[in-house]
Structures are given as C-alpha cells and as structure tokens.
> 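Please read through the structure below; I'll follow up with questions.
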Amino acid sequence: MTDLLLYNTLSRNKENFKPINPPNVGLYVCGPTVYGDPHLGHARPAITFDILFRYLKYSGYKVRYVRNITDVGHLENDADSGEDKIGKKARLEQLEPMEIVQYYTERYHESMRMLNVLSPSIEPRASGHIIEQIKLIEDILKNGFAYEVNGSVYFDVEKYNKKHHYGKLSGRVLEDLLANTRDLEGQDEKKNSFDFALWKKASPEHIMHWPSPWSEGFPGWHLECSAMSAKYLGDEFDIHGGGMDLQFPHHECEIAQSTAANGKESVHFWVHNNMITINGQKMGKSLGNFITLEEFFTGNHKLLTQAYSPMTVRFFILQAHYRSTVDFSNEALQSAEKGMQRLLAAVKTIEKIKASENSSVDIAGLEEKCRKAMNDDLNTPILMAHLFEGVRIINCISENKETIDKENLKKLKTLFNVYVFEILGLKEEKENSNNDTLVPGLVNMLLETRIKLKAMKDYQSADQIRDELQKIGFIIKDKKDGFDWEFSGK
RNA sequence: GGUCUCUUGGCCGAGUGGCUAGGCAUCGGUCUGCAAAACCGGGUACGGCGGUUCGAAUCCGCCAGAGACCUCCA
C-alpha cells in the first residue's frame with residue numbers, strides 16, 4: 001500500500017513496513033500513568049504515534065490503535081518497601097485512588113483533544129485487566145520462567161536468558177546488568193537483582209490490591225502492556241511504540257514476558273520517540289523541570305514568556321524528527337508559531353486563487369516529494385520544508401507571478417488538505433464563535449469605506465479605521481484591487 | 001563505573017561522500033500615500049586534530065564537550 005520505511009529499534013535500521021495481515025495493522029502505544037497533569041513530554045509520543053496512526057490510515061490500512069491508561073500504580077522503586085504511585089498520591093490528597101485516576105485521565109484527554117490527537121481505537125485500563133494479567137503470570141509460571149516467593153511472583157531472567165535473549169531490544173548484556181546493579185532494600189526475595197516482579201503481595205498500607213492465586217496484591221510494572229496488547233491485538237502484532245526511556249527495562253521486560261508466555265515474540269516493529277529537553281536536559285517528572293500542557297496553553301509558567309496555542313506546540317514538535325531530541329525554548333516556540341501562521345494563511349489563499357489556461361508550476365512533483373518524506377520514517381521536518389515550497393508557489397500564483405491550471409489547482413488543494421490537516425493534523429484555531437457572518441460583514445463594510453476615503457485622499461480617516469481595527473486584533477492588508485484581512489486572535 | 005547517542009549558520013532544525021533543506025531572525029530590493037502582508041535576492045554552517053579519498057560536514061581514529069539509559073518516567 002505504501003513503501004513506508006520505519007525505524008525498528010530491534011534491528012537499529014529502517015525497515016520496509018509490511019503488516020502481518022494486510023490491510024489490517026495492529027498498533028500498541030504505552031500511554032500515560034494518570035497521577036499528574038500531562039506535560040510536554042506526554043505530547044511527544046501522543047503526537048508521534050498520532051502521525052503514524054493518521055499516515056497508516058491515509059495509506060489505506062485499517063488500523064487498530066491501542067493506547068493504554070496505566071491506573072494501577074507501579075512501584076516507586078525496585079524495593080519491597082516501594083509504594084504504589086497512585087496510592088501515594090491518593091493518600092496525599094485524601095481521595096480514593098480511582099478518583100485520582102478519573103481526574104487525571106480526563107485532564108489527559110482534554111489536552112490530547114486540544115492538540116488534535118485522535119482518540120485511539122481502544123484505550124484499555126490496567127485496572128480493568130487484572131484477570132488477563134493473572135492469566136499471563138500463570139502461563140509464565142507454567143512454562144517455568146517465573147517463581148513464587150512469599151505471595152509474590154518474579155520473572156526468572158537468568159533462566160529466560162538461557163533459552164532466549166534478554167537485552168536484545170536495549171542492547172544490554174546480562175553480565176553487565178549484574179555487575180552494575182545497585183544494592184536496594186528488599187531484594188532478598190529475588191534470585192537475582194535483575195529479576196522483576198510479575199505479582200507483588202500488598203503490604204497492609206497499600207491501598208490498591210486485588211485477589212490472586214498467590215496473594216492479595218497487585219500486578220508488576222511491565223505486565224499490563226503485555227496482557228492488554230495480546231488481548232486486543234493478538235499474540236503477534238505489527239507495531240509497539242513508546243518513549244525511548246521505556247526501552248529498558250519496560251519494553252525489554254515486555255518482550256521477555258510475552259516470549260516466556262507464548263514461546264514466540266509478539267512485536268514486529270518497535271518504534272521509539274526521543275525526548276524533549278529543556279536547557280539540554282530531559283524534561284521529566286523525576287527531574288521536576290517539566291512544563292504542563294496547560295501551562296503552555298495559558299503561558300502561566302516562569303520559563304514561558306507567552307502562551308503557546310496547542311497547534312503551535314504540535315507544529316513545534318513536528319518540526320523535529322521523532323527520533324531526535326528537541327530542545328524547548330521560547331524562541332523556538334515563537335518561530336514555530338509564526339511559521340505555522342504563514343502555512344495556514346497560504347491554505348486560505350488557495351481558495352482565492354483563480355485557475356489559468358496554463359500551469360507554470362509542478363504540483364505532481366511536489367506531491368511526490370511529500371509522499372517520499374513521510375515514507376522515509378515519517379520525516380515530518382522534510383515534509384514541512386516541501387509544504388513551505390508549496391506556500392511559496394501559492395503566494396506567487398496569488399500575485400500573478402506564476403500560473404496554475406484547473407487540474408493542478410485541484411491537485412494543490414487536495415495536497416494541502418491531505419498533508420496539513422489529515423496527516424500532520426494541524427487545524428485552524430481562530431475562534432470565530434457565532435459571529436461567522438456578522439463580524440466579517442462589519443469589517444468588510446468598514447474597509448469598503450476606507451477604500452473610498454483613500455480614493456478621496458483622506459488618509460487620516462483611512463488610517464484611523466485601520467488603526468482601530470488593528471487595535472482589536474485585525475490584520476489589514478491592502479491590495480492593488482481592494483483589501484484583505486484576518487483576525488489574529490490576540 | 002557499564003552501555004549508547006549526539007555536537008550543523010544569530011536561534012531552531014533536516015540531510016548527504018561532489019549538486020540551495022526548511023522555519024524564525026537579520027540585511028537589500030519589488031509593491032504601497034504610509035504601513036502590514038506577500039514575493040525576489042544576499043550574508044552567516046557543519047566541535048577540535050589527524051587519516052582514507054580526485055573530493056568529506058558526510059567514512060575511520062583520537063581528543064574535547066553535551067546528553068540518554070542502567071531506578072518510576074513519554
């Protein structure tokens with residue numbers, strides 16, 4: 001359907017993407033742990049895989065996109081004394097854990113909606129799949145790759161590694177892991193420090209727990225993704241995505257779990273997005289240097305000199321390739337904002353273009369370039385460079401420096417609709433409220449009057465009209481044969 | 001300490017063994033009553049030192065700097 005090349009972390013190479021059962025594609029992405037407000041870091045994978053989702057659909061695939069909500073807290077560290085993340089937050093705020101989950105899930109959804117991130121096909125919750133996770137543990141136990149100690153179940157990494165390759169995704173070597181593991185409390189239950197929990201017996205103060213064959217407890221950190229991806233996409237599926245920081249140990253453990261349970265690997269393509277940095281350092285919860293999405297949208301943060309709209313944030317993220325880090329700065333955001341406005345202004349200009357008999361521009365060639373950019377591992381920065389070439393073409397035609405015929409004009413319109421809106425997922429943000437006809441009517445009337453004043457050389461009055469309109473946020477552009485205007489929204 | 005990655009012009013950010021990435025900013029020009037917008041054009045690069053090559057920012061080595069993972073993290 002396409003010649004899409006996708007970088008596979010497993011092979012560290014771009015590979016030709018071929019689904020297992022075309023035209024169907026199974027895509028699983030690690031979603032958020034809902035215990036805090038979504039920040040810029042959450043926007044990166046959401047947007048990255050939104051682009052993949054959109055592009056696959058545009059390419060004719062039938063995609064089932066599963067993105068989980070982690071609402072069963074994970075341990076805070078690799079120790080028995082570790083506390084459930086969500087449980088901790090709940091106690092601090094004197095709320096039921098599920099109240100926290102509900103609240104932050106909604107916050108996440110709201111931010112994603114504003115960023116124009118499409119909803120996944122299925123958004124399963126870990127807490128709703130305890131039975132599936134227990135079943136998976138039983139399978140792993142049955143195959144001999146796990147052991148039970150005092151009501152907890154651990155994955156036997158050493159034994160697994162004898163038959164399979166633990167570390168194949170992240171490039172780890174088991175001996176190195178052993179040599180470099182820190183001494184942490186409560187490791188004594190495990191045979192080896194690198195073994196990981198599949199089921200943990202809950203301590204009395206642990207709020208979130210479920211019954212199981214081994215103890216009243218909760219599932220291990222990596223289990224939910226293995227269980228839920230298998231449930232909705234099958235034991236073997238096409239693409240698993242997530243942030244680069246999840247490569248190890250999370251995704252490595254997922255591979256081990258699925259392989260241990262089914263005897264075969266489940267994921268064909270592992271796709272990882274890079275991090276967003278701030279002053280060259282990873283923006284992250286644990287570093288306390290994150291900026292929430294709401295703070296971006298309102299400008300209410302000490303590092304922000306202004307508010308940035310959701311589409312500006314989206315455009316900013318897409319200006320970098322998903323496998324590169326992207327460094328946050330006000331300057332970068334502002335240039336993204338201006339660039340995007342220019343792009344969207346050109347889209348509007350297309351509607352005003354009139355076709356000629358002949359065409360001096362090559363739209364088919366431009367379309368080809370755009371397609372190639374996306375096929376080359378979703379290279380959105382290159383795609384955007386080509387779209388700006390299109391912007392130049394549109395503006396030239398508009399100024400009669402180039403001409404376009406009817407057929408090419410149609411192609412041009414389709415090109416921009418497809419790539420700007422359908423694939424990049426940008427959208428017009430201007431709020432026209434319910435004054436869709438009233439305001440333009442009034443503005444047009446004022447500007448018609450201004451033309452007459454200009455013709456009478458009453459420039460003082462003409463300028464007054466323009467100045468007043470500009471004051472309330474209109475951008476006035478005089479043309480040879482009239483005028484043009486838009487509302488800046490500020 | 002182990003594993004790995006990165007270092008591009010004022011800022012952001014692509015890319016390739018020889019051919020303009022692009023955006024923002026800046027400068028010059030066209031247009032305009034003046035602006036704005038738009039368009040055209042110009043300047044500014046490939047961390048340092050060696051090596052391979054007819055030719056390297058692109059391949060190799062060394063050095064310097066930055067970062068990621070090894071612990072929950074997108």
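Sequence lines set the chain letters: A, B, ... in the order given, protein chains first and strands last, and positions in each chain run from 1.
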> Name all residues meeting the side-chain hydrogen bond (donor to acceptor under 3.5 Å, both in side chains) criterion together with A:N161; count only those two or more places apart in sequence or in a different chain, and write none if there are none.
none
> What residues form a side-chain contact (heavy atoms from CB on, under 4.5 Å) with A:V29, not counting sequence neighbours?
A:L27, A:F49, A:Y65, A:R67
> All N/O contacts under 3.5 Å from nucleotides 29-32 of chain B to the protein, with atom names and distances to one decimal?
none

> List, with names and distances, any nitrogen or oxygen atoms from the protein found under 3.5 Å away from nitrogen or oxygen atoms belonging to nucleotides 13-22 of chain B.
residue	atom	partner	partner atom	Å
B:G13	OP1	A:D327	N	2.9
B:A14	OP1	A:H321	N	2.9
B:A14	OP1	A:S324	OG	2.8
B:G15	OP1	A:N379	ND2	3.3

> Mind checking side-chain contact (heavy atoms from CB on, under 4.5 Å) for A:P124 and listing every partner two or more places apart, or none if nothing turns up?
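Applying side-chain contact (heavy atoms from CB on, under 4.5 Å) to A:P124 gives A:V66, A:N68, A:I122, A:H129, A:M228, A:Y232.
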> For B:A25, does either OP1 or OP2 sit under 4.0 Å from a side-chain N or O belonging to A:K338?
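For A:K338, the contact criterion (side-chain N or O under 4.0 Å from OP1 or OP2 of B:A25) is met.
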> Determine whether A:R371 and A:E368 satisfy the following criterion, side-chain contact (heavy atoms from CB on, under 4.5 Å), listing intermediate values before the conclusion.
CA-CA 5 Å; A:R371 207 174 49 78; A:E368 172 76 11; 3.3 Å; yes
> Going by ring-ring contact (aromatic ring centres under 6.0 Å, His included), name the residues that satisfy it together with A:H272, two or more places apart in sequence or in a different chain.
A:H251
> Check step by step if side-chain contact (heavy atoms from CB on, under 4.5 Å) holds for A:V347 and A:F421.
CA-CA 10 Å; A:V347 174; A:F421 300 119; 3.6 Å; yes
> Using the C1' atoms only, state how far B:G51 lies from B:A56, rounded to an integer number of Å.
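The same atom, C1', in both gives a distance of 12 Å.
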> Let's see if you can work this out: which of B:G67, B:C73, B:A36 has an atom nearest to the side-chain heavy atoms of A:Q281?
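The listed nucleotide nearest to A:Q281's side chain is B:G67.
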> What nucleic acid atoms does A:G41 come within less than 4.0 Å of, heavy atoms only: base, sugar-phosphate, or nothing?
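Base, at least one base atom sits under 4.0 Å.
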> Report the residues that fulfil side-chain hydrogen bond (donor to acceptor under 3.5 Å, both in side chains) with A:D50, sequence neighbours left out, ordered by chain and then residue number.
A:R54, A:R314
> Taking only residues two or more places apart in sequence, or in another chain, which ones meet A:P32 in a side-chain contact (heavy atoms from CB on, under 4.5 Å)?
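A:V34, A:H42, A:I69, A:Y108.
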> Of all residues at least two apart in sequence or in a different chain, which pass the side-chain hydrogen bond (donor to acceptor under 3.5 Å, both in side chains) check with A:R125?
none
> Sugar-phosphate means primed atoms, P, OP1 and OP2; the rest is base. With that split, encode nucleotides 4-11 of chain B 5' to 3' as B, S or - using protein heavy atoms under 4.0 Å.
-------S
> Would a distance-only check, ignoring hydrogens and angles, find a side-chain to backbone donor-acceptor pair under 3.5 Å from A:K190 to A:D195?
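Checked: pair present.
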> So that I can compare with my own list, what are the stems of RNA chain B, taken as at least three consecutive Watson-Crick or G-U pairs with distances under 3.5 Å?
B:1-7 with B:64-70, B:10-12 with B:22-24, B:26-30 with B:38-42, B:47-51 with B:59-63
> Looking across every strand, which nucleic acid part, if any, lies under 4.0 Å from A:I276 by heavy atom: base, sugar-phosphate, or nothing?
base
> Distance check: side-chain N/O of A:R392 vs OP1/OP2 of B:C40, anything under 4.0 Å?
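Yes, A:R392 has a side-chain N/O under 4.0 Å of OP1/OP2 on B:C40.
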> Applying side-chain hydrogen bond (donor to acceptor under 3.5 Å, both in side chains), can you list everything that pairs with A:E295, at least two apart in sequence or on another chain?
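In terms of side-chain hydrogen bond (donor to acceptor under 3.5 Å, both in side chains), with neighbours along the sequence ignored, A:E295 is linked to A:T292.
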> Taking the side chain of A:N395 as heavy atoms from C-beta outward, which of B:C34, B:C39, B:C70 is closest to it?
B:C39
